[in-house]
Amino acid sequence: MAYDDSNIFARILRGEVPCKRILENEHALAFQDINPLAPAHALVIPKGAYVSMVDFGAKASSEEIAGFFRAVAETARKLGVDESGYRLLANSGPDAHQEVPHFHVHLVGGAPLGPMLRKVTP
Ligand code: 5GP
């Protein structure tokens, strides 16, 4: 899938749409999800134009990948869930109901989250 730079996260990165910023480094931005599903619900996105984890893993530089995952870790610390626990989730493609076609990780926590996933059958 080609990257569409009109997606909402590209617009947030360009400063065209506001966000509740948690932290930022050279390669990544973390902000509050607009529709939080847990007391802590952050989105961490790379600053580069990547559609999915596969796209990111294949094309991003080592520095971008390191910067992104350091931002994920720092977001967990900054939200105060690094000891209590949190869950990372990255939706990719139609089966996962990815809404925004810019690679992102959801970081959720702040309360017991229940089972990982409802059991799925084909
Ligand atoms: P996914 O693509 O993994 O299904 O989820 C996209 C996430 O982006 C959703 O949890 C949704 O609430 C969040 N989202 C969509 N539009 C905006 C926005 O304009 N601002 C923020 N902060 N989050 C958004």
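Basis for what follows: all heavy atoms, side chains included, without hydrogens, waters or symmetry-related copies. Residues take their numbers from the sequence shown, with the count starting at 1. Both ligands and their constituent atoms are indexed starting at 1 by order of listing.
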Aromatic ring centroids of [X] and [Y] under 6.0 Å?
{"X": "His104", "Y": "His106", "answer": "yes"}
{"X": "Phe68", "Y": "Phe103", "answer": "yes"}
{"X": "Tyr50", "Y": "Phe56", "answer": "yes"}

Shortest non-hydrogen contact between Ala76 and Leu107, atoms and distance: N-CD1, 3.7 Å
Check Ala10 against His102 and note the closest heavy-atom contact, atom names and distance. N-ND1, 4.5 Å
Can you establish whether the number of heavy atoms outside Glu16 located under 6.0 Å from its atom CD is more than 12? yes
Distance dump, ligand 1 polar atoms to protein, N/O, under 3.5 Å:
unit_1: ligand 1; atom_1: 2 (O); unit_2: Glu99; atom_2: N; d: 2.7
unit_1: ligand 1; atom_1: 2 (O); unit_2: Val100; atom_2: N; d: 3.0
unit_1: ligand 1; atom_1: 2 (O); unit_2: His104; atom_2: NE2; d: 3.0
unit_1: ligand 1; atom_1: 3 (O); unit_2: Asn91; atom_2: ND2; d: 2.9
unit_1: ligand 1; atom_1: 3 (O); unit_2: His104; atom_2: NE2; d: 2.7
unit_1: ligand 1; atom_1: 3 (O); unit_2: His106; atom_2: NE2; d: 2.8
unit_1: ligand 1; atom_1: 4 (O); unit_2: His97; atom_2: O; d: 3.1
unit_1: ligand 1; atom_1: 4 (O); unit_2: Glu99; atom_2: N; d: 3.2
unit_1: ligand 1; atom_1: 5 (O); unit_2: His106; atom_2: NE2; d: 3.4
unit_1: ligand 1; atom_1: 10 (O); unit_2: Asp33; atom_2: OD1; d: 3.3
unit_1: ligand 1; atom_1: 10 (O); unit_2: Asp33; atom_2: OD2; d: 2.5
unit_1: ligand 1; atom_1: 12 (O); unit_2: Asp33; atom_2: OD1; d: 2.5
unit_1: ligand 1; atom_1: 22 (N); unit_2: Gln32; atom_2: O; d: 2.9
unit_1: ligand 1; atom_1: 22 (N); unit_2: Ile34; atom_2: N; d: 3.4
unit_1: ligand 1; atom_1: 23 (N); unit_2: Ile34; atom_2: N; d: 3.3

